[in-house]
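Reviewing the structure listed below.
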Amino acid sequence: MIFLKEIEKSFIYYKVDKVPIMKFKSIKLKHKTIPIEEIKKRSKIYYNLIKKRRSIREFSLKNINDSIIKNAIKSAGTAPNGANLQPWHFVVIKNKKIKKEIRKAAEKEEKNFYNKIAPIEWLKALEPLGTDANKQFLEEAPILIAVFEKKYETKNKIKIKNYYVKESVGIATGILISALHYAGLCMLTHTPNPMTFLNKILKRPINEKPFVLLVVGFPKLNTKVPKFASQKKSLNEISTWFK
Ligand code: IYR
């Protein structure tokens, strides 16, 4: 039996014996294959660049041009994601008052984390990073980017489910970090736990859940970073090859 159902104007799907067959429009892929030597060179250049990325916690007050952040967010928006539903939202905070509010709320959660709820093993794991409940960087850094994951979308009061939300937003955040680092900026992926205060302060709807708070800027003069975090696992440790 064949059912025909029109969902949107140009979007038709057929069900043949309950197996949905999608009709889709295609366009020609724009891809220029470059010489292998150039590919090898680029792979090295990218690795040499990305390996220099460090999470920093001391930011200078130097401002950042909006266009840099806009391009980085547009880059993040190209991330592969579930059913191309693009289940993310990025909130850029430059406003001093809001940054102060975020710091206050984050420090409240962090005090609770460090002094009350964190299991001892977790605190032990964090020891080599030297982190604590003081989050001065939330006020000092010129830009905060709150990344939200959208569990679902509401259209005409109907909930439309998103797919692979965490994976999609994780990939988008990775691209965002890579784009900002490539542009020459430094950042910290900050995850106060819980982060729900961000919905309230940033007036985000309930279908959005804070994923990460990216703290973006330039390092303070003579900024120090934990030695421990520069020790990366070797290729052998992180990969297995079948040839
Ligand atoms: N959210 C806390 C604790 C923290 C947790 C992990 I996992 C880190 O890699 C770093 C910190 C904080 O931001 O201090």
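Keep in mind that this is a model prediction, so the values were computed, not measured. For ligands, and for the atoms within them, numbers begin at 1 and follow the listed sequence.
The option from Trp122, Phe113, Phe137 that lies nearest to atom 7 (I) of ligand 1, judged by heavy atoms, is Trp122.
For Glu38, the salt bridge (Lys or Arg N to Asp or Glu O under 4.0 Å) test picks out Lys41, Arg42, with sequence neighbours left out. Every residue two or more places apart in sequence or in another chain that forms a ring-ring contact (aromatic ring centres under 6.0 Å, His included) with Phe113 is listed here: Trp122.
For atom 12 (C) of ligand 1, the closest non-hydrogen atom of the protein is Lys135 NZ, 3.3 Å. With respect to atom 10 (C) of ligand 1, the closest heavy atom belonging to the protein is Leu126 CD2, 3.5 Å. Annotation: atom 3 (C) of ligand 1 to nearest protein heavy atom, Tyr114 OH, 3.4 Å.
Using a cut-off of 4.0 Å between Lys/Arg side-chain N and Asp/Glu carboxylate O, Glu101 and Lys97 are scored as not salt-bridged. Ion pairing between Lys104 and Glu107 fails under the 4.0 Å rule for side-chain N and carboxylate O.
By the 3.5 Å distance cut-off applied to N or O atoms, His190 is counted among the residues near ligand 1. The shortest N/O to N/O separation between Glu110 and ligand 1 falls below 3.5 Å.
The NZ atom of Lys51 sits 13.0 Å away from atom NZ of Lys232, with the distance rounded to the nearest 0.5 Å.
Of the N and O atoms on the side chains of Tyr114 and Thr131, at least one donor lies less than 3.5 Å from an acceptor on the other residue.
Residue Asn193 places no heavy atom under 4.0 Å from ligand 1.
Heavy-atom proximity to Thr191, at under 4.0 Å, picks out these atoms of ligand 1: 1 (N).
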